[in-house]
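Encoded as structure tokens, the structure appears first; notes follow it.
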Amino acid sequence: MSTANIHHFIGGQRTPGAAGRAQDVFNPATGAVTGHVALANGADVDAAVAAAQAAFPAWADTPPIRRARVMFKFLELLNHHKDELARLITAEHGKVFTDAQGEVARGIDIVEFACGIPQLLKGDFTDQVSTGMDNWTLRQPLGVVAGITPFNFPVMVPMWMFPVAIAAGNTFVLKPSPIDPSPSLFIADLLQKAGLPDGVFNVVQGDKEAVDALLNHAEVKAVSFVGSTPIANYIYETGARHGKRVQALGGAKNHMVVMPDADIDQAVDALIGSAYGSAGERCMAISVAVFVGDVADKLIPKLVERARTLKIKDGLELDAEMGPIVTAAAHSRITGYIEQGVKEGARLLVDGRGFEGKSAGAGCAEGFWLGGTLFDHVTPEMRIYKEEIFGPVLSCVRVKDFASAVQLVNDHEFGNGVSCFTRDGNVAREFSRRIQVGMVGINVPIPVPMAWHGFGGWKKSLFGDMHAYGEEGVRFYTKQKSIMQRWPESIGKGAEFVMPTAK
């Protein structure tokens, strides 16, 4: 079987770069090598930044309505080619095709939002702030900005960043994950077809060497990142030390609290979908079920049955509910956590390690397969509770009452997403107000905000002050300028030596 060479996209051209390094790209369902992705060095990053810097002045001066028209054309092309993008995701990430379609759709939401940039960039104006003087604000682009994105959403997460950044007048360098790099080049081609000038959007494939080159580059004014907490912290500290704006979204340990009055079947559906969808490789996946009172005894048997009967198949099968793990290394890490949970005394109700790839479809015997795994009687001291597993492992914790559930969630170092299933309006209100988590769902298991609201957690799930996309995204990718103006005819005679005040 032939393999593809996956290159960079710099200044409107695909290029293998100068580094001479490459990494294998796999189909997780079969374990086969399907491509080789170039890995950038500092010279490749310099070339991408130089192309972006050269394109910036003209793009920044382009009227926002014209920038929006390019976004509208890009949106049209995205909608026409969305299933091709979804197939690329499934081929390199492994998530089921219907889930990949959903990922593309949520990315398209951000492009739609970015098409409104003429309205989003409007400033404020005050007439006659003082005699003969007016004051107004405007928002201007930063320059060259960069996005460093993870393997689990190779389309949606870059689209959290570059549509808003580009629409606001910046130029962009994307460093996607080398695990599933092909969607980034497909996006670059669509942007070019949409009429985006060369150099406004660039892609450098690579690993830590490329990341460090972006963080150290003097002309990169801002960096957006999504990934694990240790790397998010590193990105934040390194970028800030070099004087950049940084928006670094880190890890998660998302809880779903189930109250005794919850609809049991709805809660089971929510837990199965949010824990095992995308093989648990989502920063918003529910990895901890918190059962209040006696509700655990009603839910656990249903969860066991559903976890054992998950339709685990090659993602291109349309009835598949869960696909493979993204890499062999990730598979090994997740199985290590399962072993650790058993050692620590959690009760293993469903063990996904016994799943055989050959049952997932033709040619899948050598893929990176793991079944859904379910633990009960997990306690906060266990590693499987404290640490982000990023796999299809659901841990069940039992607590006596609502206050204990809230305390449990608030004590965790992560604060990304959380959910509460209840019929009680007061419980829902108190939960929403008192929980120390950035994104909250009430009877919504995965509360990812829509495009015009913005995504971001609390505590060790976010480093930086601005959430991704939405109006905070516009603020992140622009700087405010305040202008005060008066004309000679309104200026009084004589020097003024006191602090100016409104007169």
Side-chain angles (χ1 to χ4, degrees), residues 49-50 52-72 110 112-146 161-173 195-197 199-201 217-224 239-247 451-454 456 464-503:
V49 175
Q53 193 176 6
F56 173 67
W59 184 244
D61 276 346
T62 301
I65 188 64
R66 286 174 51 198
R67 298 199 298 258
R69 285 171 186 154
V70 174
M71 286 291 109
F72 270 113
I110 312 295
E112 291 174 336
F113 172 77
C115 287
I117 200 67
Q119 171 70 19
L120 295 166
L121 288 180
K122 283 170 61 178
D124 300 315
F125 183 91
T126 302
D127 166 68
Q128 197 79 342
V129 291
S130 188
T131 302
M133 186 181 297
D134 306 322
N135 188 186
W136 70 92
T137 62
L138 52 84
R139 303 204 69 87
Q140 294 183 308
L142 306 177
V144 180
V145 299
M161 302 172 185
F162 75 80
V164 176
I166 288 173
N170 301 281
T171 53
F172 200 89
V173 179
L196 191 71
V200 175
F201 179 80
H217 203 297
E219 296 304 326
V220 175
K221 304 303 181 185
V223 175
S224 299
R241 190 168 67 249
H242 287 88
K244 305 183 192 311
R245 287 191 181 185
V246 183
Q247 174 190 72
W452 48 94
H453 283 288
D465 301 318
M466 296 283 190
H467 288 191
Y469 64 84
E471 292 189 10
E472 287 215 355
V474 176
R475 286 192 286 271
F476 179 76
Y477 289 120
T478 57
K479 49 196 173 188
Q480 178 180 289
K481 179 179 288 182
S482 175
I483 301 167
M484 299 187 77
Q485 174 179 283
R486 65 182 178 182
W487 298 100
E489 291 76 9
S490 65
I491 301 175
K493 292 182 179 181
E496 295 182 0
F497 296 96
V498 298
M499 186 68 185
T501 58
K503 297 177 181 177

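Residue indices begin at 1 and follow the sequence shown. Hydrogens, waters and symmetry mates are skipped; everything else that's a heavy atom, side chains included, is used. Here the structure is a predicted model, which is why all the values come from computation and not from measurement.
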Using modelled atom types and a 3.5 Å cut-off, is there a donor and acceptor pairing between side-chain atoms of [X] and backbone atoms of [Y]?
X    : Y    : answer
Q140 : K479 : no
R67  : T62  : yes
N135 : T126 : no
E472 : F476 : no

Rounded to the nearest 0.5 Å, what separates atom [atom1] in [X] from atom [atom2] in [Y]?
X    : Y    : atom1 : atom2 : answer
I65  : F72  : CD1   : CZ    : 7.5 Å
Q247 : H467 : CD    : NE2   : 9.0 Å
L120 : W452 : CG    : CH2   : 12.5 Å
R475 : D465 : CZ    : CG    : 11.5 Å
M133 : D127 : CE    : CG    : 12.5 Å

* **Q53 atom CD, neighbour heavy-atom count above 12 within 6.0 Å** => yes

* **Residues forming a side-chain contact (heavy atoms from CB on, under 4.5 Å) with A451, sequence neighbours excluded** => D109, I110, F113

Are [X] and [Y] close enough that some pair of their side-chain heavy atoms sits under 4.5 Å apart?
X    : Y    : value
V173 : V144 : yes
V474 : V164 : yes
L142 : T478 : no
L138 : I483 : yes
Y477 : F162 : no
Y469 : M161 : no

* Who passes salt bridge (charged side-chain N to carboxylate O under 4.0 Å, His left out) against E219, sequence neighbours left out? ->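 By the salt bridge (charged side-chain N to carboxylate O under 4.0 Å, His left out) rule, E219 matches K221.
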
* Hey, mind stepping through I166 and L196 against side chain to side chain contact (heavy atoms under 4.5 Å, CB included) and telling me if it holds? -> CA-CA 9 Å; I166 288 173; L196 191 71; 3.8 Å; yes

